[in-house]
Amino acid sequence: MRRPVARKLSVLAVSAAVVSVGAAAPPQATPAPEKAPVAVGYGGAVSSVDPDASAAGIEVLRKGGNAVDAAVATAAALGVTEPYSAGIGGGGYFVYYDAKSRTVHTIDGRETAPLTADSDLFVENGKPLAFADAVTSGLSVGTPGTPATWATALDEWGSRSLGSVLKPAERIARDGFTVDDTFRSQTASNETRFRYFPDTAKLFLPGGRLPVVGSTFKNPDLARTYRELGREGVDAIYHGDLGDDIVDTVNHPPVDPGSGWNARPGDLSEKDLAAYRAKLQKPTKTSYRGLGVYSIAPSSSGGTTVGEALNILEHTDLSKASEVQYLHHFIEASRIAFADRGRWVGDPAFEDVPTKGLLSQRFADSRACLIKDDTVLKSPVAPGDPRHPGACTDRGTAAPTTYEGENTTHLTVADKWGNVVAYTLTIEQTGGSGITVPGRGFILNNELTDFSFAPANPAVHDPNLPGPGKRPRSSISPTIVLDKHNKPVVALGSPGGATIITTVLQVLTEFVDRGLPLVDAIAAPRASQRNAAQTELEPALYSSGERSQLEAIGHSFKLNPEIGAATGVQRLPGGKWLAAAETVRRGGGSAQVVYPAP
């Protein structure tokens, strides 16, 4: 993990910044592609964590593809270069702005539990499994949703075939990419459990060793898998041989018998794959400072929780607040919104989720009155009732925040026609389940560990318990903001598990209220409060004077070395786009445009 940059940056300074590989490398090592955290120009823009992936999207835009085509190309490339964060073994949420109709559409591509799953999925001998035991097992693997998301997006709004947009990623997998510090360190953090599975170890620990920074990493199995998907379509997964391989791997995890690891089998079937659908659904919408903020609706809690927090902040002038008062109100709004998320949000196919009520200004006002300038709410805060808002009610039993892995990935794309995509995809925690499908070149997700393993309080309904075909609750929050004419202002998103919500909320308020340039809002040191006793702070805030002032009114903090890794695009006058990414987090991101402005 790297220390976040100082709070104030200049766009000119970061636009020239390049993050380079810093570890020693053998003489034959090749430098990693340069990363620039900001780019301005014409013809469209792509921002992701990886330069090869961003370049894949730019390649598609240059050949006449639209934002949807480029988003799928970028996502596929991230499946090669960021295989511990995303890939066709996982899922995600896709938010699309159509410039012609000036409307926003979304796809819920979340993984689903097997049709045989029940609320005791992670209960063994009458007790919930330890989290580590559940993660690295077939039990944790949900039906992948990423391939269906790509096919649905391209069928609905794309202009290119799946085979066409997979070509850049197939090439990267075949020819290889340059290993950087982040890839090596993420491999190292997973080395022990990767060695449990011979296929995973063979692929990601070449020659039995960690990949060397500066070396070329190739994945010919994944290149062949992409080629098969391009030729046969995603039916290869949901109705074909590739799906059969996934089912066999989940139900009979190919573990090394000598490792001693109990890789508990799952119960995924061909029926689960055949029944899977990526869901087209309406976005959430929140009005904030005269802007329309659109995001993903449940099964993700991202849109409702970011939206509720914005509504809570609506009547506070954050533009004139001191830094301490801004952070205080941001933290308290996050605390309250997470209290309501925990009680009310789950898969709407199984739960009665009051989405409209959670996003109503009336409900937000009934919760905002809990916030005082000189005191701090005691956590955990009890949820309110969006169906029957009552002013300043703070009674009842709080629901805890379910742990979610933090190494998802997000990409943001715009094209020359004005279409925009914000897309967050994931295999859950770094390295997912750790189980590679033999001969296929990708790791399977551990998304089902996003469910609650057991009710925190049997007397209170938990909307996030497992169920047959159920989608676990997510915090993914891809967001597109429109002006009063329904034209894009900014689009953004982030990885980070439950910290995704606070990251998106903080970047939005830094950009909209505090007036920071987008790249500075992304780079600013972060805080994350998720209805817990302590608020997490990145180092620059943890060591700041603001921390002591906030502690003086009752806040309590703990250090988190790194929160999120956001990317975004901003529409500028005259057909220009600004792409922005991290300057330091995860080694810095990669912002690119088709035709850079002078």
Side-chain angles (χ1 to χ4, degrees), residues 92-93 95 106 108 110 283-286 288 293-313 327 329-346 353 355 358-359 364 367 379-381 383 386 398-410 422-426 428 450 463-464 472-481 491-512 521-522 524 526-532 534-538 560 562-568 585:
Y93 297 89
V95 178
T106 75
D108 178 334
R110 183 64 155 156
T284 59
K285 181 186 177 183
T286 307
Y288 186 68
V293 181
Y294 295 81
S295 190
I296 192 74
S299 59
S300 180
S301 64
T304 55
T305 311
V306 171
E308 181 186 346
L310 289 173
N311 286 336
I312 289 171
L313 295 169
L327 289 169
H329 281 268
F330 161 74
I331 289 168
E332 296 292 80
S334 299
R335 192 190 310 269
I336 294 168
F338 264 92
D340 299 327
R341 164 205 193 255
R343 168 61 184 86
W344 297 105
V345 182
V353 183
T355 300
L358 288 168
L359 290 169
R367 304 292 277 156
S379 286
V381 172
T401 295
T402 306
Y403 175 78
E404 298 172 42
E406 297 188 355
N407 277 291
T408 301
T409 194
H410 179 82
Y423 180 24
T424 314
L425 61 160
T426 179
E428 217 270 349
D450 280 354
N464 193 40
R473 182 174 60 208
S474 173
S475 297
I476 286 175
S477 312
T479 301
I480 296 177
V481 180
L492 72 153
S494 177
T499 70
I500 292 171
I501 289 168
T502 56
T503 295
V504 170
L505 177 65
Q506 188 171 356
V507 174
L508 277 174
T509 52
E510 296 271 22
F511 177 75
V512 173
I522 288 172
R526 295 189 184 126
S528 183
Q529 168 55 242
R530 306 185 298 282
N531 200 23
Q534 291 186 298
T535 299
E536 297 174 9
L537 296 182
E538 287 188 324
N560 184 332
E562 189 172 81
I563 298 174
T567 74
R585 295 180 187 96

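Numbering starts at 1 and runs along the sequence shown.
Here the side chains of E428 and D450 are in contact, with some heavy-atom distance below 4.5 Å. Side-chain contact between P298 and T304: present, with at least one pair of heavy atoms (C-beta onward) separated by less than 4.5 Å. L310 has its side chain within reach of T509: a pair of non-hydrogen atoms, C-beta onward, lies under 4.5 Å apart. The shortest distance between side-chain heavy atoms of V306 and L508 falls below 4.5 Å. Side chains of R367 and V381 form a contact here, defined as non-hydrogen atoms less than 4.5 Å apart. A 4.5 Å side-chain heavy-atom check between V345 and L358 finds at least one atom pair inside the cut-off. Using a 4.5 Å heavy-atom threshold, the side chains of T479 and V293 count as touching. The closest side-chain heavy-atom distance from D340 to P386 is not below 4.5 Å.
Of the inter-residue distances, the one linking I296 atom CD1 with Y423 atom OH reads 11.0 Å to the nearest 0.5 angstrom. Between H329 atom NE2 and S334 atom OG the span is 12.5 Å, to the nearest 0.5 Å. Taken to the nearest 0.5 Å, the CG atom of N464 stands 12.5 Å off from the CZ atom of R343. Distance OG1/T424 to CG/L492: 9.0 Å, rounded to 0.5 Å. Atom CZ of R473 and atom CH2 of W344 lie 13.0 Å apart (nearest 0.5 Å). Atom CD1 of I331 sits about 11.0 Å away from atom CG of L505, to the nearest 0.5 Å.
H410 contributes no side-chain N or O that, together with a main-chain N or O of L425, makes up a donor-acceptor pair within less than 3.5 Å. Under the 3.5 Å distance criterion, the side-chain polar atoms of S477 are left unmatched by any main-chain donor or acceptor of I500.
The minimum heavy-atom distance between R526 and A566, with the atom names listed, is NH2-CB, 3.8 Å. A pairwise comparison of heavy atoms in A524 and R585 identifies O-NH2, 2.9 Å as the closest pair. T502 and Q529 get closest at one heavy-atom pair: CG2-O, 3.7 Å. Scanning all heavy atoms of the two residues, the minimum distance from T503 to G564 falls at OG1-CA, 4.2 Å. The nearest pair of heavy atoms linking A297 to T284 is CA-CG2, 3.5 Å. Minimum heavy-atom separation, P472 to R110: O-NE, 2.9 Å.
Remark: T305 pairs with S301, A337, F338, R341, I501 by the side chain to side chain contact (heavy atoms under 4.5 Å, CB included) rule, at least two apart or across chains. Partners of A521 by side chain to side chain contact (heavy atoms under 4.5 Å, CB included), not counting sequence neighbours, listed by chain and number: V507, E510, F511, L516. Remark: S379 pairs with R335 by the side chain to side chain donor-acceptor pair (under 3.5 Å) rule, at least two apart or across chains. The side chain to side chain contact (heavy atoms under 4.5 Å, CB included) search around N311 returns T286, Q361, A364, not counting sequence neighbours. Qualifying side chain to side chain donor-acceptor pair (under 3.5 Å) partners for S299, counting only residues two or more places apart in sequence or in other chains: Y93, D108. Residues satisfying the side chain to side chain donor-acceptor pair (under 3.5 Å) criterion with T567, sequence neighbours excluded, are T412. Taking the side chain to side chain donor-acceptor pair (under 3.5 Å) definition, one finds that T106 meets it with nothing, sequence neighbours left out.
Screening P495, S494, S475 for a side-chain contact (heavy atoms from CB on, under 4.5 Å) with T408, the sole residue that qualifies is P495.
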*Go through the steps to decide whether S528 and R530 satisfy the test side-chain hydrogen bond (donor to acceptor under 3.5 Å, both in side chains), and finish with yes or no.*
CA-CA 7 Å; S528 183; R530 306 185 298 282; 2.7 Å; yes
